[in-house]
Structures are given as C-alpha cells and as structure tokens.
Amino acid sequence: MSDQKKSKGLEEAPLMQKITSLCKRRGFIFQSSEIYGGLKSAYDYGPLGVELKRNIMAQWWKSMVHERDDIVGLDASIIMSPKVWQASGHVSGFSDPLVDCKTCKTRFRADKAPVVEVGSEVEYRASGKTIKGVAAKPYVCPECGSPDLSDERDFNLLFTTNLGPVKNEDSTCYLRPETAQAMFVNFLNVQSTYRMKPPFGIAQQGKSFRNEITVEHFIFRSCEFEQMEMEFFTPPEEARAWLDYWKDERFNWYVNLGCKKEHLRLRAHEDDELAHYADGCYDIEYLYPWGWDELEGIANRTDYDLRKHQEASKKKLTYFDPQKINPETGKPGHHYLPYVIEPAAGATRAVLMFLLDAYEEEPPSEGRKEGRVVLRLHPKLAPIKVAVMPLVKKDDWLTGTAQDIIKTFRKNSVNAFYDEKDAIGRRYARQDEAGTPFCITVDGQTKEDGTVTLRYRDDMRQERIKIEDALSIVNAKLLE
Ligand code: GAP
C-alpha cells in the first residue's frame with residue numbers, strides 16, 4: 001500500500017467533509033427536507049447524483065442480466081405480505097442490540113461501541129469534568145466514554161406501516177429491509193414462466209428500509225437506501241464452487257469500473273461471524289476514510305430461505321430435474337430445494353465508494369497557477385459524458401455550432417452538457433469537479449477548419465479533432 005493510501009485512511013474527517021461539501025456544492029447529494037432543518041439519515045440525489053447512481057445501477061444490471069443467459073430480472077413490490085417477513089425470520093430476529101448511556105443519554109449499538117476490559121478503570125467526560133469509573137460491561141459509550149449503561153435490549157429494524165384504512169395489528173405491514181425475499185417467494189414463478197434450470201439467478205434492484213440505530217458516515221449507513229441483489233439458485237453440490245465464482249466476479253466488477261484495486265479486499269467471514277444459515281460468506285471491503293468496511297456481501301445461504309418459505313406457505317418450492325439421480329431411488333428424476341448464492345450490494349453505498357475513490361486534489365504545477373479538484377470517475381459512471389462549450393458566448397456562430405454538436409450527442413444517447421458561462425478555465429474546473437471526462441470547445445479556428453478542441457479530464461491534454469469525429473471518439477472512450 002502506498003503512503004498516499006495509508007494517509008487516506010488517517011484523514012477521515014477532512015476527506016468525508018470534502019466529499020459531503022462537494023456533493024452539496026455540485027448537486028450530487030442533499031440532506032432530505034433541508035429547508036425544514038433536514039431529516040436525519042435521509043438523502044436526496046440531485047442532478048449529478050441521480051445520474052451517477054443510475055449509471056452504477058445500469059452497469060450492474062448490464063453485467064448481471066443483459067450480458068448473461070443464466071440470470072433474469074425482477075421488480076417486486078416494496079410492501080409484501082407480512083407472512084414473508086415472519087417466515088424469513090425478520091419479524092422475530094432482525095434486530096440490533098441497543099444500549100442507552102445513562103450519562104449523556106446517547107442510544108447506540110452495543111456491537112459498534114468501543115471495547116474495554118470488564119473491571120478496568122475508565123475515564124470519561126460529564127458536565128465538563130473528567131470522571132473515573134469502572135467498566136461493568138465489555139464496552140463504553142461511543143459518545144462520552146461512560147461505563148454507566150443500561151442493559152442491552154433488542155431493537156427490531158423493520159419499519160412498520162398499515163395497509164388499508166384500519167390501523168390495527170392485522171393491518172400491520174413492513175417496508176422491505178432487503179430486496180432478496182421477493183426473489184425467494186417468486187422462485188417458482190420465474191423458474192417456470194421463463195423455463196430456467198438451476199443454476200440460474202434472479203436479480204433485483206431497489207429501495208430497502210431499515211430503522212438503523214446508528215446512521216453513520218453520510219450515505220454509508222442510512223435508513224432508506226438502495227440495494228442491488230442477485231439470488232443464484234444452484235444444485236446444492238455446486239454451491240461452493242459458485243460462491244467462489246461470484247466472489248471473484250463481483251470483486252472484478254468494481255475494479256473494471258475504475259475502483260483502485262489496492263482500496264478493495266475480499267474477506268472471508270470467520271465461523272463465529274457467519275449467519276446461522278450460511279455456509280460461507282465473503283465481504284468485499286473498501287478502504288473508507290475510517291478504515292476497511294463493508295461494500296458488498298456474497299453469501300452461500302444454502303436452502304434456508306426456500307425451506308422456510310416452503311414450510312410457512314405450505315407450497316412446494318422444490319425444482320424437479322428429470323435427469324438428476326434421486327439418491328433414494330437411484331433412478332433419474334429428483335425434486336430438490338436449490339441452494340442460493342447471493343451477491344448483495346448497496347447501490348447508494350457504491351455511490352459513496354466511487355465518489356471517495358475518484359476524488360483527487362491536484363496541487364498547482366508548472367504552467368498551472370491553480371490547483372484543481374477532479375473526480376476521476378470511470379467514463380461509464382460519469383454523470384455528464386461530455387461538456388460542449390463555445391469559447392465566447394457573444395458569437396452566434398460559435399454558440400450555434402456548439403448547440404449542433406450537443407444535438408448530435410443527445411440523439412445518440414450520450415449525456416452532454418452545454419456551458420457558456422464564465423471564462424473557459426472556470427468552466428473546465430466545474431466539469432473536473434463533476435467528473436466529466438471530456439470537454440469540447442468551439443473557437444475561432446473552428447470557423448476556419450471545422451476542428452474543435454477536445455480536452456481530457458484526467459491529464460488535461462488538449463487536441464484538435466474534426467467536428468464530425470467528435471461522437472465516435474467520445475463513444476469509443478465510453479466503451480473502453
Ligand atoms: N439480502 C442480504 C442483505 O441484505 P446486507 O449485508 O444486510 O445483506 C447488503 O446488505 C448490502 O446492502 C450491504 O453490503 C450494503 O452495501 C447495503 N446496505 C445494508 N444496509 C445498509 C444501510 N443501512 N445503508 C446503506 N446501505 C446498506
């Protein structure tokens with residue numbers, strides 16, 4: 001790991017502050033309901049943010065669904081029968097251990113609190129004074145350090161609502177806390193209507209909701225977020241090999257979209273970390289400013305979910321393979337519950353990761369008096385692909401030609417942006433901060449020879465190209 005990477009890990013506050021302020025300044029992400037003082041843990045994606053998020057999700061869909069024969073898509077409702085969440089175990093068991101600090105009244109997750117030795121002496125701050133205390137529990141308050149804590153209790157993360165006009169226990173519904181369960185309950189619908197044979201997958205993207213106790217690090221952990229999940233149904237004996245396959249596929253997906261390899265790692269779960277139903281799990285972790293933390297999980301969920309839904313719904317969810325040998329009869333023809341390999345990614349978390357990874361400050365250099373902030377987003381993810389600018393706005397020929405070039409890009413589904421305000425250097429700087437990989441400038445020479453300036457974001461190199469080549473040059477870079 002280079003020194004730069006190491007120091008990145010140490011500079012949490014400044015880098016996160018810089019990203020948050022860039023997001024607000026340039027219209028990537030705003031605090032929800034800001035004019036009313038903001039709503040904690042909810043965020044709105046502005047003009048650039050919505051493009052970035054959609055591009056990430058489109059790339060995931062392309063690689064998971066469009067480029068494969070063995071995976072199909074699904075878009076299920078967010079509100080499902082409460083029986084789904086009873087069977088899956090979420091109603092009874094989807095909870096975090098919650099503790100109250102009796103000193104500063106902070107409520108926090110026990111498993112996220114600083115760890116101390118029981119019986120050790122700890123110092124903490126209360127009413128402006130430093131106080132000494134003895135730790136009676138293996139952790140202290142993350143806010144003030146006090147060991148004076150309530151007992152742990154389970155706090156269920158499901159958001160409840162009521163379906164229909166009557167508000168009672170029977171009308172209670174839940175906002176989905178993950179997109180995954182819809183794939184399990186639709187397993188046979190999709191399999192039979194689309195004639196899929198295991199191994200095959202169902203992919204889904206969309207909003208999920210969790211009443212998180214600890215919301216942290218901007219959009220990293222929020223109560224409303226978006227997921228990109230795929231459930232890959234496989235014969236049980238192939239499950240381990242597919243887990244191996246998917247962990248590499250998913251790791252490489254991030255790398256191919258420009259994420260620096262040295263900022264990513266695959267971490268196998270220890271046995272005591274594994275969910276009770278899982279037979280193997282990997283986290284793809286990213287080196288965030290606060291250290292290594294989860295980006296995506298890839299788990300072998302065995303046949304746990306299908307079995308639970310089969311038991312609760314009393315509907316057979318087995319797959320019949322006419323060729324497979326039935327171990328009991330020794331003859332072809334076997335009904336079995338497939339195992340499931342699940343790569344579960346966060347789309348909004350990926351937005352944060354790609355922003356952090358792409359952010360760079362360049363100091364002034366020879367020939368350039370001012371430094372710059374540049375988002376080195378992969379062109380496929382960049383919200384704006386190309387900015388087209390007339391060198392001066394008072395020349396109708398220049399503005400008209402720039403508008404014509406823009407039209408060509410738009411007709412070909414390349415998101416292009418027209419900008420004629422301010423000096424050209426400031427316009428370039430704005431596009432660098434937005435992550436726009438290419439700028440095209442129409443100037444006096446264009447009138448003479450039909451060429452324009454193509455400026456590259458990453459090295460600020462400029463070259464003259466013919467107007468009629470602009471689309472193919474930009475398109476070629478987008479496909480690289
Ligand atoms: N179906 C399995 C599942 O939902 P998870 O690890 O709880 O697994 C998968 O979630 C991914 O969803 C995480 O790796 C993370 O990227 C994202 N995610 C989970 N909770 C989140 C939250 N509160 N805010 C933002 N992203 C979250």
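Residues: numbered from 1 along the sequence shown. Read the numbers this way: they start at 1 and go in the same order the structure lists the ligands and their atoms. All values derive from a computational prediction rather than experimental measurement.
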Please enumerate all residues that pass salt bridge (Lys or Arg N to Asp or Glu O under 4.0 Å) together with Asp432, with sequence neighbours excluded.
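Applying salt bridge (Lys or Arg N to Asp or Glu O under 4.0 Å) to Asp432 gives Arg372, Arg455.
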Mark yes or no: Arg250 above the aromatic ring of Tyr254, with NZ or CZ under 6.0 Å from the six-membered ring centre and no more than 45 degrees from the axis.
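Yes, cation above the ring, under 6.0 Å and within 45°.
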Can you list the atoms of ligand 1 that are under 4.0 Å from a heavy atom of Glu229?
1 (N), 2 (C), 3 (C), 4 (O)
Show which atoms of ligand 1 fall inside a sub-4.0 Å distance from at least one heavy-atom site of Glu342.
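Near Glu342, meaning under 4.0 Å from one of its heavy atoms, ligand 1 has 1 (N), 2 (C).
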Looking at [atom], what's its closest protein heavy atom, distance included?
{"atom": "atom 17 (C) of ligand 1", "value": "Gly346 CA, 3.7 Å"}
{"atom": "atom 25 (C) of ligand 1", "value": "Phe220 O, 3.1 Å"}
{"atom": "atom 24 (N) of ligand 1", "value": "Ser222 N, 3.0 Å"}
{"atom": "atom 18 (N) of ligand 1", "value": "Phe225 CE1, 3.6 Å"}

Consider every N or O of Ala180 and every N or O of ligand 1, then say whether any pair is closer than 3.5 Å.
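No; every N/O pair is 3.5 Å or more apart.
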Does ligand 1 come near enough to Glu294 that some N or O of the ligand is less than 3.5 Å from an N or O of the residue?
yes
Sort and list the pairs that fulfil side-chain hydrogen bond (donor to acceptor under 3.5 Å, both in side chains) and have at least one residue in residues 73-82, not counting sequence neighbours.
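Residue pairs passing side-chain hydrogen bond (donor to acceptor under 3.5 Å, both in side chains), neighbours aside: none found.
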Counting only heavy atoms, which portion of [X] has something under 4.0 Å from ligand 1: side chain, backbone, both, or neither?
{"X": "Glu296", "answer": "backbone"}
{"X": "Arg301", "answer": "side chain"}
{"X": "Leu295", "answer": "backbone"}
{"X": "Ala344", "answer": "both"}

Under a 4.0 Å N-O cut-off, is there an ion pair linking Lys18 with Glu361?
yes
Quick one: sort the [X] and [Y] rings into parallel, tilted or perpendicular, breaks at 30° and 60°.
{"X": "Tyr304", "Y": "Tyr277", "answer": "parallel"}
{"X": "His217", "Y": "Trp290", "answer": "parallel"}
{"X": "Phe187", "Y": "Phe233", "answer": "tilted"}
{"X": "Tyr245", "Y": "Trp242", "answer": "perpendicular"}

Would you confirm whether Arg210, through its side chain, and Phe225, through its main-chain N or O, come within 3.5 Å as a donor-acceptor pair?
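Answer holds: no.
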Among Arg210, Arg349, Arg176, whose heavy atom sits nearest atom 5 (P) of ligand 1?
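Selected option, by shortest heavy-atom distance: Arg210.
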The one among Met228, Gln227, Met230 that brings a heavy atom closest to atom 9 (C) of ligand 1:
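Heavy atom nearest to atom 9 (C) of ligand 1 belongs to Gln227.
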